[in-house]
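The chain is numbered in sequence order, starting from 1. Computed from a predicted model, the values in this text were never measured in an experiment. The analysis underlying the following values was restricted to heavy atoms, covering all of them including side chains, and did not include hydrogens, waters or symmetry mates.
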Amino acid sequence: MANTIEIKVPDIGGHGSVPVIEVLVKAGDTVAKEQSLITLESDKATMEIPSSAAGVIKELKLKVGDEVSEGAVIAVLEVAGDAAAPEVEAPQVETPKAAAPAPAASAPAAAPAPQAAGASGRKADIECKLVVLGSGPGGYSAAFRAADLGVDTVLVERYATLGGVCLNVGCIPSKALLHAAAVIDEAASMAAHGVSFGAPKIDIDKLRGFKTKVVGQLTGGLTSMAKQRKVRTLEGNGSFVSPNEMEVQTKDGVKLIRFEYAIIAAGSQSVKLPSFPWDDERIVDSTGALELKDVPNKMLVVGGGIIGLEMATVYSALGSEVTVVEFMDQLIPGADADLIKPLAKRIGGKLKGVHLKTKVVEAKATKKGIEVSYEGDSIPATTLFDRVLVSVGRSPNGGKIGADKAGVAVTERGFINVDSQMRTNVSHIFAIGDLVGQPMLAHKATHEAKVAAEVVAGQKSHFDARVIPSVAYTDPEIAWVGVTEREAKEKSLKIGVGKFPWAASGRAIGIDRTEGFTKLIFDEATHRIVGGGIVGVHAGELISEVALAIEMGSEAADIGLTIHPHPTLSESIGMAAEVYEGTITDLYMPKKK
């Protein structure tokens with residue numbers, strides 16, 4: 001049975017006659033509870049108004065330009081059954097909750113909810129309010145935030161040190177090695193300007209030691225902060241045995257944790273293609289590549305995504321002859337093609353070869369090396385390699401933690417659906433990070449973690465980020481956020497682009513890195529920024545301003561009229577906005593007819 005309800009504008013801080021600047025849905029759309037419907041802009045702030053229930057929009061009552069106050073009807077919503085009942089407050093930490101359906105999910109395709117197992121009846125080794133499974137950036141952030149809010153928390157981690165994949169065998173060690181690669185390349189490039197250093201001498205043990213020291217400094221800091229916050233930690237592999245129990249396989253045997261709330265932050269793992277002999281140590285994933293056991297003479301990187309290209313950058317700088325093969329027609333397929341061109345041109349002169357629309361169909365382990373065969377449009381000449389890095393993506397670990405015994409629904413691919421409060425279909429169990437869908441990025445997990453921890457502690461917190469930036473730490477770096485030109489074209493969005501070439505940047509010229517550019521993407525109707533991309537040195541440091549501008553609903557003039565320091569690479573963001581506005585003086589732009 002379906003009912004209809006009116007979704008109204010709530011208390012908006014006493015403001016009246018506030019204009020509607022965006023309508024985010026249309027009649028016939030299915031919306032989730034807390035999904036944004038419209039955007040209002042007062043003289044003090046821009047605010048999105050969410051739906052108070054899940055359902056189907058039967059009629060929209062507002063349009064762009066209307067002025068509204070508290071109580072104005074936004075839409076008529078058709079809801080199922082008792083969905084129109086009054087909103088229930090978030091559960092307080094003092095009251096443990098039984099398994100119950102969560103609000104409508106907003107992440108990957110829905111999965112059927114399994115029948116939860118009954119309680120084990122065993123005596124628990126550890127009891128707590130909250131258990132967090134996984135201590136990566138999402139997991140430790142959740143545990144620390146919960147502890148700061150007074151929640152008795154246990155943090156379970158399979159590694160001997162906190163930090164998960166990111167700190168131990170991912171983001172952090174790779175950036176340490178990429179720094180070394182950047183120094184090698186920069187020193188070599190200075191020869192053209194009269195400063196020669198000679199060929200680098202690589203002490204692989206010392207370099208590995210530097211990487212290990214960087215990792216140790218951060219993981220050690222996490223251990224210290226866990227103790228300061230009185231977060232109990234347990235090393236081992238955790239798995240649910242019932243909705244309120246988790247077993248942890250530790251070096252001292254199985255430990256049973258009984259909890260009232262759980263946050264799943266179990267992350268993901270590298271995809272292992274079945275056509276490779278994984279029992280041979282010369283076949284590695286990103287974790288194996290980061291061990292830096294040696295510098296192979298010839299290395300094949302299978303996969304031209306961010307991780308594969310970062311590792312290709314490192315090993316090439318250290319002296320390996322690196323070949324990259326990518327199945328798609330573009331490196332880093334998620335980014336706009338124009339952002340990739342400067343990177344492809346630069347690495348094309350450093351790597352043995354980059355081969356697109358090509359895949360490895362067979363890999364054999366021989367005494368002389370790993371012998372591979374290919375098929376596709378660009379077949380490499382080299383077929384025998386000393387090391388092969390397979391970097392073709394990551395798969396979530398949702399199917400490896402006994403989630404079904406807790407009644408938590410997991411998709412066939414291992415993802416877990418959550419709502420905007422990071423709840424799974426079981427109301428007292430939350431999930432964050434790689435498990436809940438793309439993008440699989442540490443900074444997304446961190447923000448989701450704080451939301452989940454705050455909800456556990458009884459706060460009305462929601463994950464409502466408009467955009468999440470992505471960065472490839474290659475040379476040059478590539479960073480992008482929000483709507484891409486490719487996406488705009490696919491969705492027939494009316495956009496305008498302002499692009500500022502670094503060939504006109506005094507700072508870029510001074511450091512001899514003019515191959516980059518800054519691109520901003522604007523909604524043609526409102527001139528509001530909706531996306532942006534940067535390719536060039538330090539692009540990852542620059543993209544945050546673009547992300548903030550999107551979150552704040554900035555127009556091109558807001559960005560262009562913000563005074564940026566000169567000469568800097570950051571001023572290219574302001575100049576890209578000026579290009580769009582037609583006010584740029586650092587370039588000659590013919591007037592539009």
Does any non-hydrogen side-chain atom of Ile49 lie less than 4.5 Å from one of Pro10?
yes
Are Lys491 and Glu487 close enough for a salt bridge, meaning some N to O gap below 4.0 Å?
yes
Asp152 and salt bridge (Lys or Arg N to Asp or Glu O under 4.0 Å): which single residue from Arg229, Arg232, Lys230 fits?
Arg232
Electrostatic pair Lys61-Glu59, nearest N-O below 4.0 angstrom
yes
Is there side-chain contact between Leu441 and Ser470, with at least one heavy-atom pair below 4.5 Å?
yes
Gap between atom CZ of Phe240 and atom CD1 of Ile264 - 0.5 Å precision
4.0 Å
Measuring from Ile543:CD1 to Ile573:CD1, what's the distance to the nearest 0.5 Å?
7.0 Å
d(Ser268 OG, Met440 CE) to nearest 0.5 Å is 5.0 Å
How about His564: does its NE2 atom have over 12 heavy atoms from other parts shown lying under 6.0 Å from it?
yes
Counting C-beta onward and ignoring hydrogens, is there a side-chain heavy-atom pair between Ser239 and Lys405 closer than 4.5 Å?
no
Which residues share a side chain to side chain donor-acceptor pair (under 3.5 Å) with Ser51, sequence neighbours left out
none
Which value, rounded to the nearest 0.5 Å, describes the distance between Ile332 atom CD1 and Ile340 atom CD1?
4.0 Å
Evaluate Thr161 against Asn168 for side chain to side chain donor-acceptor pair (under 3.5 Å), listing each step before the verdict.
CA-CA 8 Å; Thr161 53; Asn168 285 281; 2.5 Å; yes
Distance from Ile74 atom CD1 to Ile38 atom CD1, nearest 0.5 Å?
4.0 Å
Can you confirm whether His443 is buried at NE2, in the sense that more than 12 heavy atoms of other residues, nucleotides or ligands lie under 6.0 Å from that atom?
yes
Taking side chain to side chain donor-acceptor pair (under 3.5 Å) as the definition, give me every residue that meets it alongside Glu245, ordered by chain and number, with sequence neighbours left out.
Ser120, Ser242, Arg258
Report yes if the side chains of Leu520 and Ile529 come closer than 4.5 Å at any heavy-atom pair, otherwise no.
yes
Counting only heavy atoms not in Glu524, do more than 12 sit closer than 6.0 Å to its CD atom?
yes
4.5 Å side-chain heavy-atom contact, Val483 and Leu493:
yes
Step by step, would you call Ile432 with Phe463 a side chain to side chain contact (heavy atoms under 4.5 Å, CB included)?
CA-CA 11 Å; Ile432 61 174; Phe463 183 75; over 6 Å; no
Using a 4.5 Å cut-off on heavy atoms from C-beta on, say whether the side chain of Pro137 contacts that of Cys166.
yes
Glu448/Lys444 salt bridge by N-O under 4.0 Å criterion:
yes
When you look at Glu454 and Lys460, which way does the salt bridge (charged side-chain N to carboxylate O under 4.0 Å, His left out) test go after all the steps?
CA-CA 7 Å; Glu454 288 162 3; Lys460 292 183 177 180; over 6 Å; no
Start with the C-alpha gap between Val455 and Tyr261, add the side-chain angles, then the distance that decides, and say whether side chain to side chain contact (heavy atoms under 4.5 Å, CB included) holds.
CA-CA 10 Å; Val455 175; Tyr261 297 90; over 6 Å; no
Any salt bridge linking Asp148 with Arg145? Criterion: basic side-chain nitrogen under 4.0 Å from a carboxylate oxygen.
no
CA sep, side-chain torsions, deciding dist, call: Val56, Asp29, side chain to side chain contact (heavy atoms under 4.5 Å, CB included):
CA-CA 6 Å; Val56 177; Asp29 283 356; over 6 Å; no
List for me each residue that meets ring pair (Phe, Tyr, Trp, His ring centres under 6.0 Å) alongside Tyr473, sequence neighbours excluded, and say none if there are none.
none
For Lys272, I'd like to know if atom NZ has over 12 heavy atoms of other residues, nucleotides or ligands within 6.0 Å.
yes
Can you tell me how the ring of Tyr580 sits relative to the ring of His527, calling it parallel under 30°, perpendicular over 60° and tilted otherwise?
perpendicular
Could you give me the CA-CA distance, side-chain angles and deciding distance for Val214 and Gln217, then say whether side chain to side chain contact (heavy atoms under 4.5 Å, CB included) is met?
CA-CA 5 Å; Val214 169; Gln217 185 173 343; 6.0 Å; no
Side chains of Phe259 and Ile126, heavy atoms from C-beta outward: is any pair under 4.5 Å?
no
Crowding at NZ, Lys175 (>12 non-hydrogen neighbours, <6.0 Å):
yes
Is any side-chain heavy atom of Ile478 closer than 4.5 Å to a side-chain heavy atom of Ile534?
no
